[in-house]
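The figures that follow rest on heavy atoms only: side chains count, while hydrogens, waters and symmetry mates do not. All chains are named by letter (A, B, ...) in the order of the sequence lines, taking the proteins before the strands, and each is independently numbered beginning at 1.
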Amino acid sequence: MMFYFISSVKSEEERLKDQREKEELEQHLRERDAAGTRKHGYCRDDIEDEQYLFEGVKLSEAEYRELRYKKEIYELVKKRSEEADNVNEYRMPEAYDQEGVVNQEKRFSVAMQRYRDPNAEEKMNPFAEQEAWEEHQIGKHFYVVILACSQFVLRFVFEDQIDFIKASVMDGDKFDYEEMEDSLEKSRAKSALEALQVLVIVGETGSGKTTQIPQYLHDAGYTKNGMIACTQPRRVAAMSVAARVSQEMGVKLGHEVGYSIRFEDCTSEKTILKYMTDGMLLREFLGEPDLSSYSVVMVDEAHERTLSTDILFGLVKDIARFRPDLKLLISSATLDAEKFSDYFDSAPIFKIPGRRYPVEINFTKAPEADYLDAAIVTSLQIHVTQPLGDILVFLTGQEEIETAEEILKHRTGGLGTKIAELIICPIYANLPTELQAKIFEPTPEGAQKVVLATNIAETSLTIDGIKYVIDPGFCKMKSYNPRTGMESLLVTPISKASAMQRAGRSGRTGPGKCFRLYTAYNFHNDLDENTVPEIQRTNLASVVLALKSLGIHDLLHFDFMDPPPAEALLKALELLFALSALNKLGELTKVGRQMAEFPLDPMLSKMIVASEKYKCSDDIISIAAMLSVGNSIFYRPKDKQVHADNARMNFHTGSVGDHIALLKVRSMKRARDIRDQLAGLLERVEIELTSNANDLDAIRKTITSGFFPHSARLQKSGSYRTVKHSQIVHIHPSSGLAQVTELKPEWLVEIAPHYYQLKDVEDSSSKKLPRGAGRAQED
DNA sequence: GAGCACTGC
């Protein structure tokens with residue numbers, strides 16, 4: 001346990017100067033002690049200068065003497081309190097108000113009085129009761145005691161502090177927005193944009209590339225022969241950028257400038273500048289394989305390497321060859337520009353400066369075993385020792401965030417009013433929107449906000465005013481095992497690119513600091529340069545189906561920027577063949593073409609297509625919509641008991657039931673939207689909308705038609721084993737509502753005779769073959 | 001008593 005005095009707000013130069021002075025003082029005191037001249041009170045009587053320093057803080061001589069004295073006393077009583085057998089025998093009622101809340105200032109002065117009073121009976125340990133209370137409150141690990149002195153506040157911190165080493169400063173870019181527009185108009189940018197068919201554009205978010213370049217191309221006349229498409233990885237981005245550009249151009253959104261996202265097409269015949277999600281352009285490819293209505297395609301945020309952008313790359317590269325009039329712009333953040341350039345036949349790279357402030361990077365001196373604990377300690381360390389400014393902590397998931405929130409509340413709960421208030425804001429995608437809004441509320445004067453976020457804060461949303469980033473270096477990442485055909489989420493170290501992105505989050509509105517909870521050595525030697533692109537770690541069934549329906553047959557030789565593992569491609573082909581979407585030659589069947597129309601996992605699409613036969617399409621699309629919305633409909637924030645305790649402790653947290661209700665509303669609306677879309681698509685593939693809700697067997701058979709590859713048999717042991725590969729699987733815990741559909745073994749042979757033979761399903765001991773409809777885990 | 005990062009069509 002270490003004992004620190006930590007100074008108040010200071011600039012870096014001041015800090016260094018103080019540090020120097022402090023070292024000088026310490027050296028002086030050491031020499032004096034060694035000489036045997038040390039006196040009570042640490043008076044610096046032999047120093048001429050008026051500056052008195054106490055642990056780095058400048059004081060008047062009187063303050064200095066007082067503090068030195070107080071510290072010594074404090075250490076003494078602390079020591080004695082540790083020695084005391086029964087801490088409860090000492091009481092200090094004066095220090096508590098009517099509600100029983102301790103007044104730290106008062107507590108200290110009472111302690112001082114008692115200690116100095118030669119007649120006091122409780123001289124021994126005035127702090128014992130307080131300490132017992134604190135230990136009870138915050139679990140012995142960390143506590144802060146505030147001492148008020150005449151003109152300033154000093155803080156005592158007891159903690160095994162984490163030592164950081166300042167490693168480097170990520171340069172900012174002092175860049176003038178107007179200047180850029182000017183230079184874009186006049187400099188080589190203009191000629192480059194006009195002369196070249198394919199161009200890689202590099203620029204940080206905020207450089208204006210997304211808004212300025214399409215406008216420039218429009219002015220240069222590129223919209224005469226077709227639209228300009230600009231793709232974004234996220235819906236909100238497409239919407240907000242379109243809104244801004246339409247404003248800048250002085251036109252109504254949806255007229256000349258529009259956006260197109262799922263469930264919402266805000267474009268018209270007038271539209272010449274179209275912002276859209278990458279997945280949406282991919283869908284448009286299916287109907288228009290040469291993109292003839294576009295004259296320019298700009299793939300924005302290409303460095304994010306979403307599944308859709310990666311597929312788009314291969315497709316646009318291909319059509320650019322036979323359409324010399326199609327201009328192709330690939331825009332990305334700095335890191336992997338060379339790679340994009342290489343892929344697009346050495347396309348020139350054009351750089352646009354970004355706008356970012358410098359960010360100081362700190363690494364830990366030694367590796368931290370428990371990153372969650374380290375993150376909490378570091379937040380408090382920043383809270384107590386650094387100038388005010390909001391903190392962003394990257395954690396891996398909801399559960400971790402909830403744990404961290406509890407611990408932080410616990411540890412700051414017992415602190416008096418002398419310390420700045422710490423506002424804790426959790427944020428993750430499953431958090432109801434109403435609660436998400438909390439992170440955008442401006443931090444009140446004198447308070448400090450700590451945002452506990454998942455990866456959502458890395459790209460999807462930006463929070464202004466973040467000054468400190470704490471990066472434990474992990475995230476949850478999806479990985480796919482082609483052998484078992486199962487996807488799983490694993491906590492994985494992040495890449496260097498991701499670490500830079502996280503650090504950059506602190507430098508958006510002013511200079512920032514990033515505290516990495518790993519060593520510089522770890523960073524340089526253990527982290528990958530870039531995150532493995534999604535296409536290499538996902539189930540490719542829907543990708544393969546989409547490419548096949550675009551007429552691309554030789555998938556193993558398709559020009560992927562980073563080819564997925566051949567095994568994953570083969571697994572996808574195998575599945576599509578089993579679903580009869582492909583024939584033995586690997587060509588799309590009629591069923592396959594119908595399936596490709598649905599923006600769903602092929603097993604779900606197959607289920608819908610099969611519903612025609614069993615006359616229950618109306619019921620099946622409801623099921624499909626609910627399944628594709630994901631699990632969040634049945635989501636529960638946390639174990640009720642814990643939450644109830646929490647609510648009692650924090651007495652203002654709202655009711656859990658309400659949160660779930662809010663969440664359900666959002667998910668249900670989404671399911672409704674998807675269902676409506678599916679109904680429209682049914683018409684398109686000429687399947688009649690029929691309901692057959694009374695015939696459960698028909699519905700079960702329809703489900704079996706899509707999900708037979710995932711059928712499993714109940715073992716005597718209570719676990720399940722897949723029929724096809726004898727893989728042990730478990731029903732996912734979220735399937736509390738028996739989300740397993742029972743089916744008859746003979747159906748498998750009836751519905752998928754090419755996949756199952758009678759011998760596969762024969763099992764004298766069991767009549768039922770429940771099937772895991774939810775997610776299954778590998779054993 | 002289990003437990004689901006983030007997008008997107």
Round to the nearest Å and state the distance from [X] atom [atom1] to [N] atom [atom2].
{"X": "A:L431", "N": "B:dC6", "atom1": "CG", "atom2": "P", "result": "10 Å"}
{"X": "A:Y428", "N": "B:dA5", "atom1": "OH", "atom2": "C1'", "result": "13 Å"}
{"X": "A:D278", "N": "B:dC9", "atom1": "CG", "atom2": "P", "result": "8 Å"}
{"X": "A:M486", "N": "B:dC4", "atom1": "CE", "atom2": "C1'", "result": "16 Å"}
{"X": "A:R235", "N": "B:dC9", "atom1": "CZ", "atom2": "P", "result": "5 Å"}
{"X": "A:L312", "N": "B:dT7", "atom1": "CG", "atom2": "C1'", "result": "14 Å"}
{"X": "A:L600", "N": "B:dC9", "atom1": "CG", "atom2": "C1'", "result": "9 Å"}
{"X": "A:F285", "N": "B:dG8", "atom1": "CZ", "atom2": "C1'", "result": "17 Å"}

Let me know, please, whether A:F263 or A:K476 comes out on the 5' side of the other along DNA chain B by nearest nucleotide.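 First, find each residue's nearest nucleotide; the 5'-ward one identifies A:K476.
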
Using heavy atoms to find the nearest nucleotide of DNA chain B for A:R537 and A:R670 separately, return the residue whose nucleotide is more 5′.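 Of the two residues, A:R537 wins.
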
salt_bridge(A:D278, A:R234) N-O dist < 4.0 Å: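 Not counted as a salt bridge, because no side-chain N and carboxylate O are separated by less than 4.0 Å.
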
Taking NZ, NE, NH1 and NH2 as the nitrogens, is one of them in A:D562 or A:K339 under 4.0 Å from a carboxylate oxygen of the other?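 Looking at A:D562 and A:K339, the cut-off is met.
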
Mind checking the CG-CZ spacing from A:L579 to A:F707? Nearest 0.5 Å is all I need.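 Nearest 0.5 Å value for the CG-CZ distance: 9.5 Å.
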
Any chance the side chains of A:Y428 and A:E399 put a donor and an acceptor closer than 3.5 Å?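 Checked: A:Y428/A:E399 side chains show no N/O donor-acceptor pair below 3.5 Å.
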
With heavy atoms under 4.0 Å as the rule, sort [X] into base, sugar-phosphate or nothing.
{"X": "A:I261", "answer": "sugar-phosphate"}
{"X": "A:S308", "answer": "nothing"}
{"X": "A:M280", "answer": "sugar-phosphate"}
{"X": "A:L489", "answer": "base"}

Counting side-chain heavy atoms from C-beta on, which of B:dG8, B:dC9, B:dA5 comes nearest to A:R234?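 For the A:R234 side chain, the nearest candidate turns out to be B:dG8.
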
Is any side-chain nitrogen or oxygen of [X] closer than 4.0 Å to OP1 or OP2 of [N]?
{"X": "A:T277", "N": "B:dC9", "value": "yes"}
{"X": "A:R262", "N": "B:dT7", "value": "no"}
{"X": "A:T396", "N": "B:dA5", "value": "no"}

Decide if atom CD of A:E288 counts as having more than 12 heavy atoms of other residues, nucleotides or ligands within a radius under 6.0 Å.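 Yes, the 6.0 Å shell around CD holds more than 12 heavy atoms from other groups.
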
